[in-house]
Participant: 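Structure incoming, see below.
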2 protein chains.
Amino acid sequence: MVTITDIANALGITPSTVSRALAGNPRVKEETRSAVLEAANRMGYQRNVVAANLRRGRSDIVGIVVPRINREFFSNVISGAESILDEAGYSTLICQTQESFDSEVKALRNLRNNQVAGVLMSHAINSPDGSHILPTLGDIPVVQFDRVFNDIPGAKVFGANFDGAYKATRHLIEAGYKRIGTLAGYLGTEVYAERLRGYRKALEDCGMLLDDSIVFPNAIVWQTGHDATLSAIAAGCDALYSAGDFSALGAVAALQEKGISVPRDFGIVGTANEFFTALMTPSLSSLEQHPYEMGREAAKAFLQSRSDVTVIPMDLHIRQSSNRNAI
Amino acid sequence: MVTITDIANALGITPSTVSRALAGNPRVKEETRSAVLEAANRMGYQRNVVAANLRRGRSDIVGIVVPRINREFFSNVISGAESILDEAGYSTLICQTQESFDSEVKALRNLRNNQVAGVLMSHAINSPDGSHILPTLGDIPVVQFDRVFNDIPGAKVFGANFDGAYKATRHLIEAGYKRIGTLAGYLGTEVYAERLRGYRKALEDCGMLLDDSIVFPNAIVWQTGHDATLSAIAAGCDALYSAGDFSALGAVAALQEKGISVPRDFGIVGTANEFFTALMTPSLSSLEQHPYEMGREAAKAFLQSRSDVTVIPMDLHIRQSSNRNAI
DNA sequence: GACAAATATACAAACGTTTGCACAATTTCC
DNA sequence: GGAAATTGTGCAAACGTTTGTATATTTGTC
């Protein structure tokens, strides 16, 4: 492995000059710089990033912590963030927590130990609060996206969850559904709490009854969505706003089991606009969260070391599952 | 930031002893070890991995290079690999190349510069050959999975592509389809070439005509699958084995446009068993590649520094799109 | 009790880079 | 033409850890 010392020896200069030449320091003569570059190239020099990081006390790696990478939402956030970080010369270290709090702590500790320059994160759904973040990361800047803890300092980027849920619910109302419940997700997580508020506001604005017995918290994956929907049917619902697409998928399955026609007798809108929503029958109306954009914004917030809040609008994609007027 | 030197000073011993104590070196007295551990704990010591890596000349990071992370297949390979690497004390550095050769070279270089302990990779579809791998990675062990270059040394893990394609094609034949084409993917990539061979062998074994005009190479995403299918229809095909699920999706769309009934008048089988295949109408028959298992095997091959070949069986999931006999 | 063997710790160098400071050489300015 | 500013390079320390070798201490054996 060839080092800057090797280059320095070959040229009869010192490692410090080589280092400066390679770093583009303006204090080294143009002539020397080109000689160094030529030698580095010829000798096949590759910078030892580890050594550099040790000396500088930080690296050019940005950690990205997500619950799972095989969600359309998170993988697109990652791609968006990478698109920005890449051209800024950073590489990314992706960690998935599999929705486990312990894994999340481990991931953050790991990132800290690797002296990452920053962390973009969306916490595991059952992380009780953000009190583990600062102690683990120390002074490493953290940008939270989507699932954020409001009491943690640093930038935050998330979707317009209130507005989105409001739109979705309002759309169901306007389609003529009369008793609209919600698969609400984990209400300890801010995004889901917001969506519930948006759902409530829509009902309220339209003079509809707020009935807590048709708010189903913790319904977020296929199975819980399915089971909650059976309860919703029993409770006389004729529509559901689901805070997730996978739970909405379970809901559709439950409705099909019961022989209830969607959208004729039951309307449903999901959230996340997963790839499959457009493919299923009936296709699933869903809220698009613009994850790619969100990833880009999170990366930018890190690069500019901002610590403000960015809200990304959410768009409703109306498909068959709620489009009663089209049948 | 507290270092081993701080701990050493606090206890009146030297950093080397602290280092050995923390590393579990049996040459340090049990008494000293526990004192070190206690002090480390009390003082909030966190190992500086970067410094350790520099000294050791390698890290406990394993790089995983994939074309895209938002594919059911790749994200599950990653999860499988992580499950093994995690418990062996490694963390993972995930890079997506977005199917670009240049990104792949950049990713490998980046991993090399970060002194990763090893690399698990599946090359970009248009990487011409593996000649960039060794020069970039030097002596870092590389395990190739799924898309492998046979002439690169090191372990390889891939699916039984020949058998899988054979099974899929044979299934179409047995369902009574008469003129079966294939959306073959990039034939420069070994997995696709193998699938084509399996497809051919099945036709041959059943005494059917081999017709190169209904072999559609480079059909691999929605659009190319869609377009090739229009040609297949024009060429009188009544079935397609598709080497990918996204191209099969495009195929179904093309058939629907043309008003051709699936599976009654046209059969189709995809590959990868993406999540959406079970949800669409008609649901798509597809080959399951057991990516999670593949990831685990790749990680094990790295840990055991093997350099052999592991083949993972592929299973056919028969769904509506080819199940003519069920209608 | 002398000597060898085993045990436990210390010393110091090394990993490859960055960077503050010093210094020499050159240029600029009055 | 001399002082001051500028430019280009070298020196050496530092980042925090690991590890080969040396040294000190304890244990074991006859």
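Everything quoted here is computed from the prediction, not taken from an experiment. All values below come from the heavy atoms of this structure, side chains included, with hydrogens, waters and symmetry mates left out. Residue numbering restarts at 1 for every chain, and letters A, B, ... go by the order of the sequence lines.
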Participant: Would you sort out whether B:D86 and A:K106 count as a side chain to side chain contact (heavy atoms under 4.5 Å, CB included), showing the intermediate values?
Facilitator: CA-CA 10 Å; B:D86 213 56; A:K106 245 174 91 179; 3.1 Å; yes
Participant: Separation of A:M1 atom CE from C:dG16 atom C1', in whole Å?
Facilitator: 12 Å
Participant: Check the phosphate of C:dG16 against A:T5, side-chain N and O only, distance under 4.0 Å to OP1 or OP2. Yes or no?
Facilitator: no
Participant: With sequence neighbours left out, write down each residue that passes salt bridge (Lys or Arg N to Asp or Glu O under 4.0 Å) with B:D139, or none if nothing qualifies.
Facilitator: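 In terms of salt bridge (Lys or Arg N to Asp or Glu O under 4.0 Å), with neighbours along the sequence ignored, B:D139 is linked to no residue.
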Participant: B:L11 has an atom CG; how far is it from atom C1' of C:dA8, in whole Å?
Facilitator: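 After rounding, the gap between these two atoms is 15 Å.
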Participant: May I have the distance from B:R58 (atom CZ) to C:dG16 (atom P), rounded to whole angstrom?
Facilitator: 15 Å
Participant: Set out, line by line, the N/O atom pairs under 3.5 Å between protein and nucleotides 13-15 of chain C.
Facilitator:
residue: C:dA14; atom: N3; partner: B:R55; partner atom: NH1; Å: 3.2
residue: C:dC15; atom: O2; partner: B:R55; partner atom: N; Å: 3.3

Participant: How close or far is atom C1' of D:dT17 from atom CG of B:D6, stated in whole angstroms?
Facilitator: 13 Å
Participant: Give the rounded distance in Å between these two atoms: CD1 of A:I4 and C1' of D:dG10.
Facilitator: 13 Å
Participant: Ignoring backbone atoms, establish whether A:S19 has a side-chain N or O less than 4.0 Å from OP1 or OP2 of C:dT17.
Facilitator: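 False: A:S19 side-chain N/O out of range (4.0 Å or more) of C:dT17 OP1/OP2.
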Participant: Heavy atoms from C-beta onward define the side chain here; which of C:dA12, C:dT17, D:dT17 lies closest to that of B:S16?
Facilitator: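 Minimum distance to the B:S16 side chain belongs to C:dA12.
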Participant: Name the residue from A:E99, A:E194, A:E190 that meets the salt bridge (Lys or Arg N to Asp or Glu O under 4.0 Å) definition with A:R147.
Facilitator: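 Only match with A:R147 under salt bridge (Lys or Arg N to Asp or Glu O under 4.0 Å): A:E99.
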Participant: Can you say whether the rings of A:H123 and A:F149 are parallel (under 30°), tilted (30 to 60°) or perpendicular (over 60°)?
Facilitator: parallel
Participant: Between B:N53 (CG) and C:dT17 (C1'), how many Å, whole number?
Facilitator: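 The distance from CG of B:N53 to C1' of C:dT17 comes to 15 Å, rounded to the nearest Å.
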Participant: Near B:Q304 CD, under 6.0 Å, is it more than 12 heavy atoms from other residues, nucleotides or ligands?
Facilitator: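 Check passes, neighbour count above 12.
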Participant: Please tell me whether A:S100 and A:T97 have a donor and an acceptor in their side chains that are separated by less than 3.5 angstrom.
Facilitator: no
Participant: Should A:E87 and A:S83 be marked as a side chain to side chain contact (heavy atoms under 4.5 Å, CB included) after you check the CA-CA gap, both sets of side-chain angles, and the distance that decides it?
Facilitator: CA-CA 7 Å; A:E87 66 185 28; A:S83 74; over 6 Å; no
Participant: Specify the separation, in whole Å, of atom CG of B:N114 and atom P of C:dT17.
Facilitator: 14 Å
Participant: Minimum heavy-atom separation for A:P15 to A:A8, with atom names?
Facilitator: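 Looks like N-CB, 3.5 Å.
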Participant: Expressed in angstrom and rounded to an integer, what is the separation of A:N113 atom CG from D:dG16 atom C1'?
Facilitator: 13 Å
Participant: Please tabulate, one pair per line, each protein N/O and nucleotide N/O from nucleotides 5-9 of chain D that are separated by under 3.5 Å, including the distance.
Facilitator:
residue: D:dG8; atom: N7; partner: A:R27; partner atom: NH2; Å: 2.9
residue: D:dG8; atom: O6; partner: A:R27; partner atom: NH2; Å: 2.8
residue: D:dT9; atom: OP1; partner: A:T32; partner atom: OG1; Å: 2.7
residue: D:dT9; atom: OP2; partner: A:K29; partner atom: N; Å: 2.9
residue: D:dT9; atom: OP2; partner: A:T32; partner atom: OG1; Å: 3.1
residue: D:dT9; atom: O4; partner: A:R27; partner atom: NH2; Å: 3.4

Participant: When you look at CE of A:M43, are more than 12 heavy atoms from neighbouring residues, nucleotides or ligands closer to it than 6.0 Å?
Facilitator: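 Above 12, so yes.
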